[in-house]
Trainee: 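Sharing a structure, written as structure tokens. Questions coming.
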Amino acid sequence: MSYKTNTDNLYPEGTLITAKADPGLKLKIMRYYQRIYYCAVVDAPERKQFAYFERELIPPTL
């Protein structure tokens, strides 16, 4: 079985974003794989990464 990275993501890797579940927590998108965004906490990159679907994220403000 072959796995590949999707290219239909709305947010590119490296985007700073927040999640609806905890809008005060700043996240950085590290990876997008099979429609799931894997995000690291900006102030604590050594912590375990969080996984979110696109609908669970708050769009970044420019």
Side-chain angles (χ1 to χ4, degrees):
M1 190 190 275
S2 173
Y3 293 104
K4 65 178 185 165
T5 303
N6 290 346
T7 57
D8 61 346
N9 54 326
L10 184 60
Y11 310 118
E13 291 178 2
T15 301
L16 298 178
I17 201 156
T18 56
K20 291 178 182 177
D22 189 359
L25 188 63
K26 291 182 172 130
L27 303 168
K28 180 179 181 181
I29 297 173
M30 303 305 288
R31 194 173 124 170
Y32 179 75
Y33 184 69
Q34 294 186 337
R35 302 192 190 275
I36 298 172
Y37 290 92
Y38 294 90
C39 304
V41 177
V42 171
D43 296 332
E46 70 282 352
R47 285 180 55 184
K48 184 178 177 185
Q49 291 186 358
F50 295 100
Y52 294 103
F53 289 105
E54 193 171 281
R55 66 181 175 271
E56 298 174 305
L57 297 172
I58 298 171
T61 55
L62 300 175

Trainee: Residues in ring-ring contact (aromatic ring centres under 6.0 Å, His included) with Tyr38, at least two apart?
Mentor: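 Once residues adjacent in sequence are excluded, Tyr38 has no partner under the ring-ring contact (aromatic ring centres under 6.0 Å, His included) criterion.
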
Trainee: Who passes side-chain hydrogen bond (donor to acceptor under 3.5 Å, both in side chains) against Glu56, sequence neighbours left out?
Mentor: none

Trainee: In the hydrophobic cluster built from side-chain contacts under 4.5 Å, what are the other members alongside Ile58?
Mentor: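 Via sub-4.5 Å side-chain contacts, Ile58 links to none.
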
Trainee: Shortest non-hydrogen contact from Val42 to Pro45?
Mentor: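 Heavy atoms of Val42 and Pro45 come nearest at O-CD, 3.8 Å.
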
Trainee: Do you know the tightest heavy-atom contact between Tyr32 and Asp8?
Mentor: OH-OD1, 3.0 Å

Trainee: Run the side-chain donor-acceptor check on residues 17-24: report pairs under 3.5 Å with partners two or more places apart or on a different chain.
Mentor:
unit_1 : atom_1 : unit_2 : atom_2 : d
Lys20  : NZ     : Arg55  : O      : 3.0

Trainee: Grab the two heavy atoms, one from Ile36 and one from Ala51, that are nearest each other, plus how far apart they are.
Mentor: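 Here Ile36 and Ala51 meet closest at CG2-CB, 3.7 Å.
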
Trainee: Counting C-beta onward and ignoring hydrogens, is there a side-chain heavy-atom pair between Tyr11 and Leu16 closer than 4.5 Å?
Mentor: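 When only atoms from C-beta onward are counted, Leu16 and Tyr11 do not touch, as no gap falls below 4.5 Å.
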
Trainee: Give, for atom SG of Cys39 and atom NZ of Lys26, the distance between the pair rounded to the nearest 0.5 Å.
Mentor: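 NZ of Lys26 is found 15.0 Å from SG of Cys39.
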
Trainee: Output all residues satisfying side chain to side chain contact (heavy atoms under 4.5 Å, CB included) with Val41, sequence neighbours left out; order by chain, then residue number.
Mentor: Leu25, Leu27, Ala44, Arg47, Phe50

Trainee: Taking only residues at least two apart or on different chains, which pairs with a member in residues 12-31 satisfy ring pair (Phe, Tyr, Trp, His ring centres under 6.0 Å)?
Mentor: none

Trainee: Can you list the other members of the hydrophobic cluster that holds Met30, where links are side-chain heavy atoms under 4.5 angstrom apart?
Mentor: none

Trainee: Would you name the heavy atoms of Pro60 and Thr15 that are closest together and state the gap between them?
Mentor: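 Pro60 and Thr15 have their closest heavy atoms at CG-CG2, 4.0 Å.
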
